[in-house]
Amino acid sequence: MGFIFGPSWFYGIDSGFSFFAMLVTVLIAFFSLKAYFIAKDRKYLYFTLAFFFISISYFIKAAASWVVFKHILGKVPNLTAAIGTVVSMPNFYSLGYICHVFFIFAGFMILVAIYLKIHSIRTLSLLFVLMLILSILSQSKFVAFHVTLFLL
């Protein structure tokens with residue numbers, strides 16, 4: 001059973017794209033923080049937090065993918081043979097995937113809360129619990145994660 005999502009020729013390259021996405025979201029978070037210091041509006045601080053969570057998410061995804069990819073190539077030097085090999089690291093990748101989903105959901109929940117102007121602690125707590133449950137359940141369904149993120 002495969003645990004890395006995507007085509008086999010894309011293994012390892014996806015980490016580079018994730019690192020690039022992490023760099024972009026860190027820059028957005030940095031400029032949001034600068035906007036907060038200039039405007040003194042709390043929503044820019046929340047933007048900073050949201051994009052920082054999203055950048056953490058991309059870092060975790062890239063690191064988990066890269067470690068698993070290097071582990072595969074370390075065992076079998078031929079990439080074509082490595083793809084067909086059963087690897088003993090799906091638990092590490094699953095943990096990284098759950099953390100990736102959690103942080104990206106957290107970032108998008110903060111963005112939704114900013115957009116909808118949600119100030120109620122109860123509502124935000126309920127959204128957080130929903131996000132936590134979806135993070136754990138989406139590990140079993142890859143499509144459920146993307147559909148939920150699309151709906152957000």
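- Cluster membership for V112 and F47, using ILVMFWY side-chain heavy atoms within less than 4.5 angstrom, is shared.
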Scan the side chains in residues 18-34 for donor-acceptor partners under 3.5 Å anywhere in the protein, sequence neighbours excluded, and list what turns up.
from : atom 1 : to  : atom 2 : distance (Å)
S18  : OG     : D14 : O      : 3.2
T25  : OG1    : A21 : O      : 3.1
T25  : OG1    : M22 : O      : 3.0
S32  : OG     : I28 : O      : 2.9

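- No single ILVMFWY cluster, assembled from side-chain heavy atoms under 4.5 Å apart, contains both I38 and Y44.
- A perpendicular orientation is assigned to the rings of F102 and F128, their planes being inclined by more than 60° (bins at 30° and 60°).
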Check: residues 113-122 side-chain donor-acceptor pairs under 3.5 Å, at least two apart:
from : atom 1 : to   : atom 2 : distance (Å)
S120 : OG     : R122 : N      : 3.4
S120 : OG     : T123 : N      : 3.4
S120 : OG     : T123 : OG1    : 3.3

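- Among all heavy-atom pairs drawn from M109 and L130, the shortest one is CE-CD2, 4.5 Å.
- Within the 4.5 Å cutoff, the side chain of L45 has no heavy atoms near those of the L49 side chain.
- Taking every heavy atom of both residues into account, I54 and G107 meet most closely at CG1-CA, 3.9 Å.
- Taking OG of S55 as the start and CD1 of I104 as the end, the distance is 10.0 Å to the nearest 0.5 Å.
- Contact check for L111 versus F51: side-chain heavy atoms found under the 4.5 Å cut-off.
- The OH atom of Y36 sits 14.0 Å away from atom NZ of K43, with the distance rounded to the nearest 0.5 Å.
- Under the rule for a ring pair (Phe, Tyr, Trp, His ring centres under 6.0 Å), the partners of F103 that lie at least two apart in sequence or sit in another chain are F53.
- Annotation: the span from Y58 atom OH to H100 atom NE2 amounts to 6.5 Å, rounded to 0.5 Å.
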